[in-house]
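For clarity, every value in this text was computed on a predicted model and none was experimentally measured. Scope of the values below: all heavy atoms of this structure, side chains included, with no hydrogens, waters or symmetry mates.
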Amino acid sequence: FTHPIFRPRHPYEYEMKHISYPRRMFEHCEPIPPKSFDEVPFTWVDSAELFHKMLDKLRSAEELAVDLEYHNYRTFAGFVCLMQISTREEDFIVDTLVLREELQELNEVFTDPKIVKVFHGAESDIIWLQQNFNVYVVNLFDTYHASKELGE
């Protein structure tokens, strides 16, 4: 099945093959220390209104940190039940059970090559995003693979 006719195409294949990474990703800069929990607003996102307000904020971010919580105890397929998204200014916890029908709209931000999406051990998360919500990621930085490359 290596013939192109049999190879399924990734919906963002063009974007991934033609990505122009933001210059800032390759420039040396001093680490930005995280703010304390007291300084960073936290939003529990469990309605379409809050979801769209969150999307408005994510559109202007230069980078996002993303993590998923996945449930597979006593279930055949399993499912994502919670998504954590952080900018440098705000943290969001998204109730993916309530907002399941809305989440495909994350593609606008998650496939924007100007926004770096930071994951740790993204292999499972990427599969779950695609299977559960039809959400794809362009311009991903995986801290797990970075730590391995650095010998950490």
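Residues E105 and H52 have side chains in contact (heavy-atom distance under 4.5 Å, counting atoms from C-beta outward). Side-chain contact check for F51 versus L106: some heavy-atom pair is nearer than 4.5 Å. Considering only heavy atoms from C-beta on, N139 comes within 4.5 Å of P22 through its side chain. Taking 4.5 Å as the limit, some side-chain heavy atom of R24 sits within range of a side-chain heavy atom of V116. I126 has its side chain within reach of L140: a pair of non-hydrogen atoms, C-beta onward, lies under 4.5 Å apart. Side chains of T43 and M54 form no contact here, defined as non-hydrogen atoms less than 4.5 Å apart. For the pair E63/F141, no side-chain contact is recorded, criterion being any heavy-atom separation below 4.5 Å from C-beta on.
If you take OG1 on T96 and CE on M83, they are separated by 6.5 Å, rounding to the nearest 0.5 Å. Here the NZ atom belonging to K117 is positioned 10.5 Å from the CG atom belonging to L58, to the nearest 0.5 angstrom. Expressed to the nearest 0.5 Å, how far CG of L82 lies from CG of L68 amounts to 9.0 Å. Here CD of E108 is found 6.5 Å from CG of L55. Values are rounded to the nearest 0.5 Å. Here CG of N132 is found 10.5 Å from CG of D125. Values are rounded to the nearest 0.5 Å.
Relative ring orientation between Y21 and F26 is described as perpendicular, the plane-to-plane angle rising above 60° on a 0-90° scale split at 30° and 60°.
F119 pairs with exactly one of D67, T143, L64, L129 by the side-chain contact (heavy atoms from CB on, under 4.5 Å) rule, that one being L129. For the salt bridge (charged side-chain N to carboxylate O under 4.0 Å, His left out) with E90, the qualifying choice from K35, K53, K57 is K57, the only one to do so.
Remark: F42 CZ is packed, more than 12 non-hydrogen atoms of other residues, nucleotides or ligands lying under 6.0 Å away. Under a cut-off of 6.0 angstrom, the local environment of CD in E123 is sparse, with at most 12 non-hydrogen atoms contributed by other residues, nucleotides or ligands. Residue E27 qualifies as enclosed at atom CD: its count of foreign heavy atoms under 6.0 Å is above 12.
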Exercise for review: Evaluate the side chain to side chain contact (heavy atoms under 4.5 Å, CB included) criterion for residues V94 and L99: first the C-alpha distance (whole Å), next the side-chain angles of each, then the deciding distance (0.1 Å), finally the verdict.
Suggested key: CA-CA 8 Å; V94 181; L99 295 171; 3.9 Å; yes

Review point. Can you check side chain to side chain contact (heavy atoms under 4.5 Å, CB included) on E15 and T111, steps first, answer last?
Key: CA-CA 8 Å; E15 289 84 348; T111 61; over 6 Å; no

Practice item. Assess whether side chain to side chain contact (heavy atoms under 4.5 Å, CB included) is satisfied between H28 and E30, documenting all intermediate values. Key: CA-CA 7 Å; H28 176 76; E30 292 301 313; 3.7 Å; yes

Practice item. Could you walk me through whether N107 and Y12 pass the side chain to side chain contact (heavy atoms under 4.5 Å, CB included) test, one step at a time? Key: CA-CA 10 Å; N107 277 317; Y12 293 95; 3.8 Å; yes

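One side chain, E39 or S36, offers a donor N or O that lies under 3.5 Å from an acceptor on the other.
Transitive grouping of hydrophobic side chains (ILVMFWY, heavy atoms separated by less than 4.5 Å) brings V118 and M25 into a common cluster. V135 and Y70 end up in the same hydrophobic cluster when Ile, Leu, Val, Met, Phe, Trp and Tyr side chains are linked at under 4.5 Å. Linking ILVMFWY residues whenever their side-chain heavy atoms come closer than 4.5 Å, directly or via other members, leaves Y136 and V66 in distinct clusters. In the hydrophobic clustering of this structure, F110 does not group with M16; members are Ile, Leu, Val, Met, Phe, Trp, Tyr whose side-chain heavy atoms approach within less than 4.5 Å, directly or through other members. In this structure, I115 is not a member of the same hydrophobic cluster as V138, with clusters built from ILVMFWY side-chain heavy atoms closer than 4.5 Å.
D91 and S86 get closest at one heavy-atom pair: OD1-OG, 2.6 Å.
Side-chain N or O atoms of T87 include none that pairs as donor or acceptor with a backbone N or O of A61 at under 3.5 Å. For the pair D142 (side chain) and G121 (backbone), a donor-acceptor distance under 3.5 Å is present.
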